[in-house]
Amino acid sequence: MQHLKEEIRRLCSEKNAVIMAHYYTDGEIQDVADFVGDSLALAQKAATTQADIIVMCGVHFMGETIKILCPERKVLVPDMAATCSLAESCPAEEFTSFVKEHPGHTVISYVNTTAATKAVTDIVVTSSNACQIVESLPKDTPIIFGPDRNLGGYINSITGRNMLLWNGACHVHEQFSAEKIIELKKQHPGAKVLVHPECKNTVAALADKIGSTAALLKYSINDPAEVFIVATESGILHEMQKACPKKKFIPAPPSDSTCACNECSYMKLVTMQKLYDCLLNETPEIYVDPAVAEKAIRPINRMLDISEKLGL
Ligand code: 13P
Ligand code: SF4
């Protein structure tokens, strides 16, 4: 593995390439990356990189977002099959019809969408900035929010809005079991519960902190608790454990299996060997239809501009 890691780094310097990784990828991928972050941080970083090649270790929509922001760069993903159940729960054609059925609404889409869905969106958000961006709109703005019904419901509850929600969900976050978290709390009475807003409201109701992966990581670093039960994809535990070696992080289990943690099978398609091959052969490369990209960049830039103004 050390050899592969060295070869990956050598190819990066030879080709002026950078590796970006989401917190849900395997620990070894995060360790070899130039930059590890949540969806917002990855988009912000991509917008400023000078590298000729960007390898996005994450899922397909993340690569697309980077390609839209950096059309002149070569954007690679180690495995094209790394899609996202949430993005797939919102096909662009059906979402477009939904938008047309509800004229007069501002359309807000979670970044976990395809480029084609972003193209019919007014503002993109991530879980790091969604509440603040919705709050920044006048109170009486009618809003359509897609695709995640759990995140949308959470934003409604925080902002007091009544956004019209697309009925989509992430197959990983939907799986967390409130009962199993309650059980874990009994075994670890002082533990704090960290929950991603894509989880169901029965799970969110148990949270000491609800937030994006980056927000949960920050909370785990700053909070004095020694034990944390983490209800999001278990890849984040790698950074948490690295940042806080003396604290204990317990992955919250899914409801339907005997497995102790909950993994995104798409994120786990990214392996060191595929990353190496992808850098070596400069394939698979992300392609976004320029006509779609031209439309999709507007709501992404709107998100980046509002986030900058709000200091996010
Ligand atoms: P973040 O916005 O926390 O990076 O989450 C992205 C994601 O895919 C959650 O499932
Ligand atoms: Fe998509 Fe869910 Fe995987 Fe995140 S965890 S990338 S929302 S399938």
Side-chain angles (χ1 to χ4, degrees), residues 20-26 29-30 33 35-46 56-66 77-91 108-114 117-118 124-134 145-152 154-155 166-176 194-200 203-204 207 209-220 230-240 251-252 254 261-270 300 303-304 307 312:
M20 299 200 181
H22 190 270
Y23 289 127
Y24 292 166
T25 53
D26 273 334
I29 301 287
Q30 297 182 42
F35 183 77
V36 186
D38 70 349
S39 306
L40 177 62
L42 291 168
Q44 287 170 326
K45 190 76 184 171
M56 180 61 231
C57 293
V59 291
H60 189 267
F61 78 79
M62 295 177 174
E64 269 190 345
T65 305
I66 292 180
V77 288
D79 192 326
M80 274 291 184
T83 58
C84 164
S85 60
L86 183 50
E88 283 175 2
S89 73
C90 191
I108 300 189
S109 292
Y110 194 27
V111 70
N112 295 41
T113 41
T114 61
T117 297
K118 287 185 179 78
V124 167
V125 297
T126 76
S127 52
S128 271
N129 58 22
C131 287
Q132 293 92 328
I133 288 183
V134 169
F145 182 86
D148 192 276
R149 58 174 178 255
N150 295 321
L151 175 62
Y154 170 68
I155 301 168
W166 180 262
N167 191 20
C170 155
H171 74 299
V172 179
H173 287 87
E174 280 263 296
Q175 277 295 317
F176 288 109
L194 310 179
V195 173
H196 196 280
E198 287 174 28
C199 294
K200 290 180 291 196
V203 170
K209 171 73 184 170
I210 300 174
S212 70
T213 45
L216 299 182
L217 175 61
K218 191 169 166 201
Y219 184 90
S220 73
V230 185
T232 189
E233 211 275 355
S234 53
I236 186 68
L237 269 73
H238 180 72
E239 282 298 314
M240 288 175 169
C261 66
N262 203 359
E263 291 190 340
C264 173
S265 50
Y266 302 115
M267 288 280 184
K268 289 339 189 212
L269 285 175
V270 182
I300 299 174
M303 166 183 83
L304 293 175
S307 298
L312 302 168

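Both counts, for ligands and for their atoms, begin at 1 and track the order of listing. Values in this document were obtained by computation on a predicted structure and should not be read as measured data. Just the heavy atoms: all of them, side chains too, but no hydrogens, waters or symmetry mates, feed the values below.
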Please indicate whether any nitrogen or oxygen in S128 is less than 3.5 Å from any nitrogen or oxygen in ligand 1. no
Closest non-hydrogen contact found for I66 with M20 is CD1-SD, 4.1 Å
Distance-only, no hydrogens or angles: does the Q44 side chain make a donor-acceptor pair with backbone N or O of L312 under 3.5 Å? yes
Atoms in ligand 1 with a heavy atom of H196 nearer than 4.0 Å: 1 (P), 3 (O), 5 (O), 9 (C)
Contacting atoms of ligand 1, where contact means under 4.0 angstrom from a heavy atom of S212: 3 (O)
Yes or no on ring pair (Phe, Tyr, Trp, His ring centres under 6.0 Å) for H171 and Y266, after CA distance, side-chain angles and deciding distance? CA-CA 11 Å; H171 74 299; Y266 302 115; 5.6 Å; yes
Does ligand 2 have an atom that lies less than 4.0 angstrom from a heavy atom of H22? no
Which atoms from ligand 1 have a heavy atom of T213 less than 4.0 Å away? 1 (P), 3 (O), 4 (O)
Rounded to the nearest 0.5 Å, how far does OH of Y154 lie from SG of C199? 11.5 Å
Taking all heavy atoms of W166 and all of P91, pick out the closest pair and write down the distance. CZ2-CD, 4.3 Å
Which ligand 1 atoms are under 4.0 Å away from a heavy-atom of E198? 7 (C), 9 (C), 10 (O)
Does any N or O atom in S127 lie less than 3.5 angstrom from one in ligand 1, N or O only? yes
Atom 6 (C) of ligand 1: closest protein heavy atom, distance to 0.1 Å, is S39 OG, 3.3 Å
A169 backbone acceptor or donor facing E174 side chain under 3.5 Å: no
Looking at H22, which atoms of ligand 1 are within less than 4.0 Å of one of its heavy atoms? 1 (P), 4 (O), 5 (O), 6 (C)
Which part of N112 is near ligand 1, with near meaning a heavy atom under 4.0 Å away: side chain, backbone, both or neither? side chain
Check for a donor-acceptor pair, side chain of Q132 on one end and backbone N or O of S307 on the other, with a separation under 3.5 Å. no
Closest non-hydrogen atoms of N262 and V172, given as atom of the first, atom of the second and distance, are ND2-O, 2.8 Å
What's within reach of atom 1 (Fe) of ligand 2, meaning protein N/O/S atoms under 2.8 Å? C84 SG
Heavy-atom distances under 4.0 Å decide this one: backbone, side chain, both or neither, for Y23 against ligand 1? neither
Return the minimal non-hydrogen interatomic distance between T117 and S109, and the atom names on each side. CG2-OG, 4.3 Å
If we ignore hydrogens and angles and just use 3.5 Å, is the side chain of K268 paired with the main-chain N or O of Y24 as donor and acceptor? yes
